[in-house]
Amino acid sequence: MEFLCYHRDRPDSLALRYELLEEHWSYMDQYAKEMIARGPTFTADGETLTGSVHILDLPDPATARAFAFDEPGYQAGVYRDVLLRRWRNTLGRTMWDFPGGPTEGNRYLVLGLGTGEPADLALPPDRDDDLIAYGPLLSDDGTTWLGTAALLRAPDPATARTVFLAPDRYADIEVHDWQFGGRQ
């Protein structure tokens, strides 16, 4: 089962986040084989950290909750909240398989928080070269569509917001600057 976990930073927690960086990475090292994608989000200027995204293949929802809430930054109060949802890896690859590599172009996390009937379940046509990760957000049992999440390359946030998701099918669409994460 695949899960998307997005830890959103608490205001003024940057110093604590940096203090716990090695603990965070050591914790994530335990999940290296399960990782599909990972990396930090930033403010629009690309300077200030705002959160941390991890997409993993884990055995069940209980293991995913343990992953999210045992994380050292969460335990220490770095994060204000956590979005944890089942996710389906529509691309069937990891971010390390992305042909654009880790640094080419602007990267974004796009979260479409769904409402009503499922939307955007299939891959957008002719856009594989810009998609790093893509798939629906689902309930724990995988039966209810709750939205869509993508990591993608786009020229700017406005393009990232509209290029993959049908805006009228979502209660909200969030766009966050994102970059490949992990140890250097």
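Model, not experiment: these values are computed from the prediction.
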Do you know which two heavy atoms are closest between Leu20 and Pro72, and how far apart they sit?
CD1-O, 4.0 Å
Test Trp87 against Tyr6 for ring pair (Phe, Tyr, Trp, His ring centres under 6.0 Å), laying out the working first.
CA-CA 12 Å; Trp87 183 78; Tyr6 182 34; over 10 Å; no
Determine yes or no for a side-chain-to-main-chain donor-acceptor pair under 3.5 angstrom, with His7 supplying the side chain and Ala68 the backbone.
yes
Donor-acceptor check, side chain of Asp60 to backbone of Ala64, threshold 3.5 angstrom: yes or no?
no
Under 3.5 Å, is there a donor-acceptor pair between the side chain of Arg8 and the main chain of Tyr79?
no
Distance (rounded to the nearest 0.5 Å) between Arg85 CZ and Cys5 SG:
11.5 Å
Rounded to the nearest 0.5 Å, what separates atom CG in Leu91 from atom CG in Leu131?
5.5 Å
Does the side-chain contact (heavy atoms from CB on, under 4.5 Å) test come out yes or no for Ile36 and Leu56, once each step is laid out?
CA-CA 5 Å; Ile36 295 168; Leu56 307 98; 5.9 Å; no
With a 3.5 Å distance limit and no angle check, can you tell me whether Arg88 reaches the backbone of Leu121 through a side-chain donor-acceptor pair?
no
Heavy atoms from other residues, nucleotides or ligands near CG of Asp12 exceed 12 (cutoff 6.0 Å)
no
For the residue pair Ala133 and Ile55, what are the closest heavy atoms and their distance?
CB-CD1, 4.2 Å
Are any of the side-chain heavy atoms of Arg93 and Phe98 separated by less than 4.5 Å?
yes
Give the minimum heavy-atom separation between Trp145 and Gly147, together with the two atoms involved.
NE1-O, 2.8 Å
Do the non-hydrogen side-chain atoms of Tyr170 and Leu113 ever get within less than 4.5 Å of each other?
no
For residues Pro59 and Met1, determine if any side-chain heavy atom of one lies less than 4.5 Å from a side-chain heavy atom of the other.
no
Should Ile132 and Phe180 count as side-chain neighbours, where that means a heavy-atom distance under 4.5 Å?
yes
Under a 4.0 Å threshold between the charged nitrogen and the carboxylate oxygen, would Arg107 count as salt-bridged to Asp130?
no
Going hydrophobic residue to hydrophobic residue with side-chain gaps under 4.5 angstrom, can you get from Leu123 over to Leu138?
no
Using the rule given for side-chain contact (heavy atoms from CB on, under 4.5 Å), can you reason through Leu21 versus Trp25, listing the C-alpha separation, both sets of side-chain angles and the distance that settles it, and then say yes or no?
CA-CA 6 Å; Leu21 189 58; Trp25 281 347; 3.9 Å; yes
Taking side chain as C-beta onward, heavy atoms only, is Leu165 less than 4.5 Å from Val110?
yes
Side chains of Ile173 and Leu111 in contact at under 4.5 Å (non-hydrogen atoms)
no
Short side-chain to backbone donor-acceptor contact, Asp140 and Pro61, under 3.5 Å
no
Gln75 side-chain N/O to Phe69 backbone N/O, donor-acceptor pair under 3.5 Å
yes
Report yes if some heavy atom in the side chain of Arg161 is under 4.5 Å from a heavy atom in the side chain of Thr159; otherwise report no.
no
Nearest-0.5 Å distance, CD of residue Glu47 to CG of residue Asp177:
10.5 Å
In this structure, would Val53 and Met28 fall into the same cluster of hydrophobic residues linked by side-chain contacts under 4.5 Å?
yes
Spacing of Arg153 atom CZ and Leu151 atom CG [to the nearest 0.5 Å]
13.0 Å
Less than 4.5 Å apart, any side-chain heavy atom of Arg169 and any of Glu117?
yes
For residues His24 and His54, establish whether the separation of their ring centroids is below 6.0 Å.
yes
Under 3.5 Å: donor-acceptor pair, side chain of Asp70, backbone of Phe67
no
Measure across Leu152 and Ala160 and return the closest heavy-atom pair with its distance rounded to 0.1 Å.
CD1-CB, 3.7 Å
Criterion side-chain hydrogen bond (donor to acceptor under 3.5 Å, both in side chains) on Glu22 and Ser26, from CA distance to verdict
CA-CA 6 Å; Glu22 181 55 40; Ser26 293; 3.0 Å; yes
Sequence-distant partners of Asp9, salt bridge (charged side-chain N to carboxylate O under 4.0 Å, His left out), two or more places apart:
Arg17
If only atom types and distance count, is the side chain of Thr41 paired as donor or acceptor with the main-chain N or O of Trp178 below 3.5 Å?
no
Closest heavy-atom contact between Asp120 and Tyr134?
O-OH, 2.9 Å
Euclidean distance, Asn89 CG relative to Leu4 CG, rounded to 0.5 Å:
11.0 Å
Which residue pairs pass the side-chain hydrogen bond (donor to acceptor under 3.5 Å, both in side chains) test when at least one of the two sits in residues 27-38, sequence neighbours left out?
Asp29-Arg183
Going by an N to O cut-off under 4.0 Å, is there a salt bridge joining Arg86 and Glu2?
no
Does Pro155 offer a backbone N or O that forms a donor-acceptor pair with the side chain of Asn106 under 3.5 Å?
yes
Between Asp141 and Thr143, the two heavy atoms sitting closest are OD1-OG1, 2.7 Å
